[in-house]
Amino acid sequence: MNIQNYISVNKQRFLDELFDILKIPSVSADPNHKEDMIKMAEATKTALEKAGCDKVETCETPGNPIVYGEKIIDPSLPTVLIYGHYDVQPADPIELWDSPAFEPIIKKTDIHPDGAIYARGSCDDKGQFYMHVKALEFMTETGNLPCNVKFMIEGEEEVGSSSLDWFVRRNQEKLKNDVILISDTGMISNQQPSITTGLRGLSYVEVEVTGPNRDLHSGLYGGAVANPINILNKMIASLHDENNHITIPGFYDKVLEATDEERKEMAKAPFSLDDYKKALNIEDVYGEKGFTTLERASIRPTLDVNGIWGGYTGEGAKTVIPSKAYAKISMRLVPNQHSDEITKLFTNHFEKIAPKSVKVKVIPHHGGEAYVTPIDNIGYKAANKAYTETFGVPAIPQRSGGSIPIVALFEKELKSKTILMGFGLDSDAIHSPNEHFGVFNYLKGIETIPLFFKYFTEMSQ
Ligand code: BES
Ligand code: MN
Ligand code: MN
């Protein structure tokens with residue numbers, strides 16, 4: 001039986017099984033969901049066993065368990081390591097969901113005329129890692145598995161993969177592979193597949209600005225004492241200049257600038273600024289001078305406030321000068337910038353620009369390094385051949401703005417290249433209310449993955 005037939009016979013079951021795991025609210029950021037993390041790890045383990053892995057285990061870590069599975073058919077054949085994550089982002093703000101985040105349903109949209117699965121994690125990353133489980137099922141059930149396969153599905157990606165360093169260092173032999181395959185990114189459109197060739201790094205910090213030792217009456221003290229919210233806003237505003245360059249000294253020093261050639265190549269990707277603006281309901285885009293929207297969102301480093309709070313935000317008015325103000329700030333990094341160094345540069349600068357009237361504290365959160373991969377390796381070629389067959393057109397290489405810190409870590413620790421075969425679309429609303437994943441995309445993934453295995457094995461010989 002070929003893969004198309006296998007999918008058409010099993011389509012409903014593939015959807016039902018995905019629905020079952022989407023119902024488990026495995027939100028790694030929320031300690032109240034600890035039990036759901038265990039439940040989801042168990043469900044992943046069972047799924048891998050059923051799909052044909054010989055050895056499956058849930059590995060304890062200092063955080064959530066990592067599910068490891070393998071099917072080794074012949075040690076002399078190549079080994080593909082699949083990575084994915086079973087944890088999801090919080091569903092908040094839940095009131096903005098049109099249907100409950102953990103009760104998956106299929107709805108048709110303009111972009112997904114065959115329907116899309118609405119649920120938290122449908123695209124990021126349960127729907128995408130589950131494509132690999134079903135692809136494995138097809139290959140083992142029908143005698144089409146051409147090489148060895150390993151799975152490593154973790155439960156802390158959305159909170160910075162803090163146990164992964166630990167796990168990868170301790171399990172070098174177990175994780176040994178010839179190529180790593182990840183579906184946790186997107187592609188240009190359902191008509192135009194693309195392979196992600198770069199990811200940005202990340203430095204994430206929280207800042208705390210303290211003014212007076214207690215909240216003050218804003219009439220009695222207003223104007224005479226520094227208001228930490230006012231100050232924090234001033235400090236944040238000063239982090240970009242009039243051209244939207246980041247003002248932290250040394251921030252750009254190590255940036256590996258894209259060559260004119262690369263930028264020319266990038267500009268060939270289909271992209272409509274009008275559609276982009278329309279989809280976001282904005283009059284205009286905004287960003288660093290001298291770069292296009294696609295470049296700003298992929299090959300340039302950024303600094304963004306993710307949340308800011310302090311003072312009185314309840315109902316009505318309260319006249320108060322708060323004692324403290326806070327913000328969470330993310331910096332997306334590009335190749336050659338190092339997360340730890342950037343965090344240090346930020347910290348020094350932020351402390352330096354604070355007026356004497358306040359104290360500032362910078363608390364580093366997680367980070368990760370950027371990644372770029374060449375396209376002249378057999379992993380990329382095998383992926384492209386697979387896409388060409390299932391989509392009818394070759395894939396376009398494209399650098400993404402998102403981050404998957406494990407990819408750089410894998411390269412450093414395991415010395416292997418990662419192929420990012422993502423099947424999501426930017427419009428799938430990952431991390432947002434109403435996250436969804438096209439039924440077409442889910443099934444196309446299941447169809448394309450076995451071809452990658454086939455061509456990668458052939459090209460390895
Ligand atoms: N799957 C995403 C990353 C992604 C999405 C990359 C789309 C490229 C295209 C991943 O789950 C994610 O959200 N990563 C975080 C980083 C992490 C350290 C919290 C991110 O990019 O914010
Ligand atoms: Mn993800
Ligand atoms: Mn994510």
Side-chain angles (χ1 to χ4, degrees), residues 22 26-30 40 63-64 82-92 101 119-132 152-165 181-189 193-206 269 294 297-299 301-307 328-334 339-340 342-343 364-373 397-410 418-433 435-437 441 445:
L22 290 171
S26 48
V27 179
S28 49
D30 184 349
M40 186 58 210
N64 296 324
I82 312 284
Y83 161 87
H85 61 93
Y86 66 77
D87 65 320
V88 300
Q89 286 275 326
D92 310 62
R120 171 57 85 229
S122 55
C123 178
D124 185 12
D125 178 42
K126 288 177 181 174
Q128 294 216 65
F129 92 69
Y130 208 68
M131 300 180 312
H132 291 269
M152 176 185 158
I153 312 294
E154 69 148 316
E156 292 181 284
E157 198 276 343
E158 298 293 8
V159 288
S161 301
S162 51
S163 304
L164 227 57
D165 241 340
L181 185 60
I182 303 180
S183 296
D184 191 24
T185 52
M187 57 179 189
I188 293 175
S189 74
S194 53
I195 299 173
T196 302
T197 51
L199 292 164
R200 286 195 283 198
L202 183 67
S203 157
Y204 201 106
V205 297
E206 187 170 324
L294 269 188
S298 64
I299 61 166
T302 64
L303 183 151
D304 275 296
V305 178
N306 295 255
K328 290 184 195 274
I329 297 173
S330 68
M331 288 162 278
R332 295 282 169 173
L333 311 178
V334 298
S339 172
D340 287 347
I342 294 294
T343 302
H365 279 255
H366 49 260
E369 309 300 348
Y371 181 76
V372 266
T373 175
Q398 197 172 50
R399 277 171 66 174
S400 167
S403 308
I404 310 178
I406 180 69
V407 176
L409 183 74
F410 275 147
T418 293
I419 305 301
L420 296 158
M421 280 177 85
F423 291 88
L425 299 181
D426 282 355
S427 55
D428 286 346
I430 62 171
H431 294 204
S432 304
E435 175 179 354
H436 54 279
F437 188 39
N441 304 67

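These numbers come from the heavy atoms of this one structure, side chains and all, not from hydrogens, waters or symmetry mates. As the structure lists them, so they are numbered: ligands from 1, and atoms in each ligand from 1.
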Arg332 (side chain) donor-acceptor with Gly402 (main chain) under 3.5 angstrom: no
Atom name, His431 (N, O or S, nearest to the Mn ion (ligand 3)): NE2
Ligand 1 contacted by Arg200 (non-hydrogen, < 4.0 Å): no
Identified side-chain hydrogen bond (donor to acceptor under 3.5 Å, both in side chains) counterpart of Ser161 within the set Glu156, His366, Glu154: Glu154
Contact flag Asp125/the Mn ion (ligand 3), N/O/S atoms, threshold under 2.8 Å: no
Sidechain-backbone polar pair: Asp87 side chain, Ser28 backbone, donor-acceptor under 3.5 Å: no
Derivation of the side-chain contact (heavy atoms from CB on, under 4.5 Å) call for Ile153 and Tyr130: CA-CA 10 Å; Ile153 312 294; Tyr130 208 68; over 6 Å; no
Ser122 side chain to Gly127 backbone, donor-acceptor under 3.5 Å: no
Region of Leu202 engaging ligand 1 - heavy atom pairs below 4.0 Å: side chain
Heteroatom proximity flag, Gln89 to ligand 1, N/O under 3.5 Å: no
Leu333 side chain near Ser203 side chain, heavy-atom distance below 4.5 Å: yes
Of the listed options Gly402, Gly121, Gly422, Cys123, closest to atom 6 (C) of ligand 1 (non-hydrogen atoms): Gly402
Protein heavy atom at shortest distance from atom 15 (C) of ligand 1: Ser403 O, 3.6 Å
Within-shell test, Ile430 vs ligand 1, heavy atom, strictly < 4.0 Å: yes
N, O or S atom of Glu157 closer to the Mn ion (ligand 3) than 2.8 Å: no
Presence of N, O or S from His85 under 2.8 Å of the Mn ion (ligand 3): no
Shortest heavy-atom approach to atom 8 (C) of ligand 1 - which of Ser400, Gly84, Gly401: Ser400
Ser183 side chain to Gly422 backbone, donor-acceptor under 3.5 Å: no
Identity of the N, O or S atom of Glu158 lying closest to the Mn ion (ligand 3): OE2
Pro405 neighbourhood, listing ligand 1 atoms whose heavy-atom distance to it stays under 4.0 Å: 18 (C)
Per atom 10 (C) of ligand 1, closest listed option by heavy atom (Glu157, Arg399, His365): Glu157
Minimum-distance protein heavy atom relative to atom 4 (C) of ligand 1: Asp184 O, 3.6 Å
Contact (N/O only, under 3.5 Å) between His431 and ligand 1: yes
Residue pair Arg120 / Gln89: nearest heavy atoms and the distance that separates them: NE-O, 3.1 Å
His366, any N or O under 3.5 Å of ligand 1 N or O: no
Residue Asp30 excluded, over 12 heavy atoms near CG under 6.0 Å: yes
Part of Ser330 within contact of ligand 1 (heavy atoms, under 4.0 Å): neither
Shortest heavy-atom approach to atom 20 (C) of ligand 1 - which of Glu156, Met187, His85, Arg332: Arg332
Opening angle at the Mn ion (ligand 2) [OD1, Asp124; OD2, Asp184; to 10 degrees]: 150°
Exercise: identify the closest heavy-atom pair between Met187 and Leu425: O-CD2, 3.7 Å
Heavy-atom donor-acceptor pair, Asp304 side chain to Ser330 backbone, under 3.5 Å: no
For the student: nearest non-hydrogen atoms of Asn441 and Phe423, plus distance: ND2-O, 2.9 Å
Non-hydrogen atom of Asp124 closer than 4.0 Å to ligand 1: yes
Gly368 near ligand 1 by a heavy-atom separation under 4.0 Å: no
Check: Gly121 main-chain N/O paired with Glu435 side-chain donor or acceptor under 3.5 Å: yes
